[in-house]
S.K.: 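This is the structure I have questions about; it appears just below.
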Protein chains: 2
Amino acid sequence: MKIGEIAKKADMPVKTVRYYDEIDLVKPNGRSDAGYRTYDEAALRQLIFIRRARAFDFSVNDCRELLGLYTDQARTSADVKAIAKKRLVEIEAKQAELQRLHDELAHLVGACRGDNRPDCPIMDYLG
Amino acid sequence: MKIGEIAKKADMPVKTVRYYDEIDLVKPNGRSDAGYRTYDEAALRQLIFIRRARAFDFSVNDCRELLGLYTDQARTSADVKAIAKKRLVEIEAKQAELQRLHDELAHLVGACRGDNRPDCPIMDYLG
DNA sequence: ATAAAGGTTCCAGTTACAGGAGAGTAAAGT
DNA sequence: ACTTTACTCTCCTGTAACTGGAACCTTTAT
């Protein structure tokens, strides 16, 4: 497969596949005479794996770890769970922060009349 | 005031104050003979204003707009409310997405035994 | 006089790519 | 065979909002 085909099958931009090569995340299995990257089915599976992991906002480095575990016969589910748990904790922290922001901002927005006069509780808060 | 003093009073790093000068967000009122930035009380109020707005994760460009409205006698609270509302909608969208991620990942993490065997529903999902 | 603290500019790095230039290669149509 | 179109290559720049560090100069304290 050339890069356009695998990118389509993995449902990601060609640019991204090239980037993953550059950072040694998923390498092509070789190059054609003209220097085109060539990929096999294993690479396709890895790219799809990464796309799914990225959809959870796992960092590229977490993806690298997960991908290592993916093909590691000696992996333990504890290893995998640890990475996923870490991500879950991050998500929960972000959720808590967003909730705080949301409530405070919603309060201010609710208190602002939004008319053509200048007085505004949002500005009062910020200034 | 020199940069170190205003940075301390505004509770932000010197680097950040210098950055805000560079992007024309908050400029010093002049320079000393030695080329040191000098700031006045108005600049301090602006920096504090920005710090508070940034705490809501308003983008620097939104801060720029808000700061413009802050000193605009002809502003309307509708202008302010529109910017805040936009940010609120962004926050709510992010919250919804995080909730989806959280639930799905929490489900997978909950289903993973996390022991020393290799089989793992998280890997099954990703692979 | 000297040393510490604080100021200056400029450059690199962060994250995970996206956009585009310029050039070569492959595939398809006539 | 020739041309057009579609791919692919590398290299460079830009994103957001700073942070860290180098090399150098000024102010302040001892």
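The sequence lines fix the lettering, A, B, ..., with proteins before strands; numbering per chain opens at 1.
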S.K.: Looking at residues at least two apart in the chain, or sitting in another chain, which of them share a side chain to side chain contact (heavy atoms under 4.5 Å, CB included) with A/D21?
M.R.: A/K27, A/P28, A/R31, A/R37, A/Y39
S.K.: CZ of B/R31 versus P of C/dG7: gap in Å, rounded?
M.R.: 12 Å
S.K.: Check this for me, if you would: do A/D62 and A/K86 make a salt bridge, where the nitrogen-to-carboxylate-oxygen distance has to be below 4.0 angstrom?
M.R.: yes
S.K.: For DNA chain D, determine which residues of residues 3-10 of chain A have any heavy atom closer than 4.0 angstrom to one of its atoms, and list them numerically.
M.R.: A/I3, A/G4
S.K.: Return the set of residues passing side-chain hydrogen bond (donor to acceptor under 3.5 Å, both in side chains) with B/E104 (not counting sequence neighbours), or none when no residue passes.
M.R.: B/Y125
S.K.: Between B/Q95 and A/Q95, do the side chains contain a donor N or O and an acceptor N or O under 3.5 Å apart?
M.R.: no
S.K.: Check the side chains of B/E65 and B/N61 for a donor-acceptor pair under 3.5 angstrom, ignoring hydrogens and angles.
M.R.: no
S.K.: Mind listing the closest non-hydrogen atom pair of A/A53 and A/L66 along with its distance?
M.R.: CB-CD1, 4.4 Å
S.K.: Only counting residues at least two apart or in another chain, list the ones meeting salt bridge (Lys or Arg N to Asp or Glu O under 4.0 Å) with A/E5.
M.R.: A/K9
S.K.: Reading DNA chain D 5' to 3', which nucleotide is the first, and which the last, to come under 4.0 Å of any heavy atom in chain A?
M.R.: D/dC7 to D/dT10
S.K.: Take atom CZ of B/R18 and atom P of C/dG6, then tell me their distance rounded to the nearest Å.
M.R.: 13 Å
S.K.: What integer distance in Å separates B/M1:CE from C/dG6:C1'?
M.R.: 16 Å
S.K.: I'd like to check the salt bridge (Lys or Arg N to Asp or Glu O under 4.0 Å) partners of B/R117; sequence neighbours left out, ordered by chain and number.
M.R.: B/D115
S.K.: Contact list please: residues 88-99 of chain B against DNA chain D, heavy atoms, distance less than 4.0 Å, in numerical order.
M.R.: none
S.K.: Using ring pair (Phe, Tyr, Trp, His ring centres under 6.0 Å) as the criterion, list what pairs up with B/F49, not counting sequence neighbours.
M.R.: B/Y70
S.K.: Nearest of C/dG19, C/dC17, C/dC10 to any side-chain atom of A/K15?
M.R.: C/dG19
S.K.: The criterion is salt bridge (Lys or Arg N to Asp or Glu O under 4.0 Å); which residues satisfy it with A/D79, sequence neighbours excluded?
M.R.: none
S.K.: State whether the side chain of B/R113 and the backbone N or O of B/C120 hold a donor-acceptor pair below 3.5 Å, judged by distance alone.
M.R.: no
S.K.: Contact list please: residues 32-61 of chain A against DNA chain D, heavy atoms, distance less than 4.0 Å, in numerical order.
M.R.: A/G35, A/Y36, A/R37
S.K.: Kindly write out the residues that satisfy side-chain hydrogen bond (donor to acceptor under 3.5 Å, both in side chains) with B/K94, not counting sequence neighbours, or none if the list is empty.
M.R.: none
S.K.: Identify each donor-acceptor pair in which a side-chain atom of residues 11-20 of chain A lies under 3.5 Å from a protein atom, sequence neighbours left out, and give them as a table.
M.R.:
none

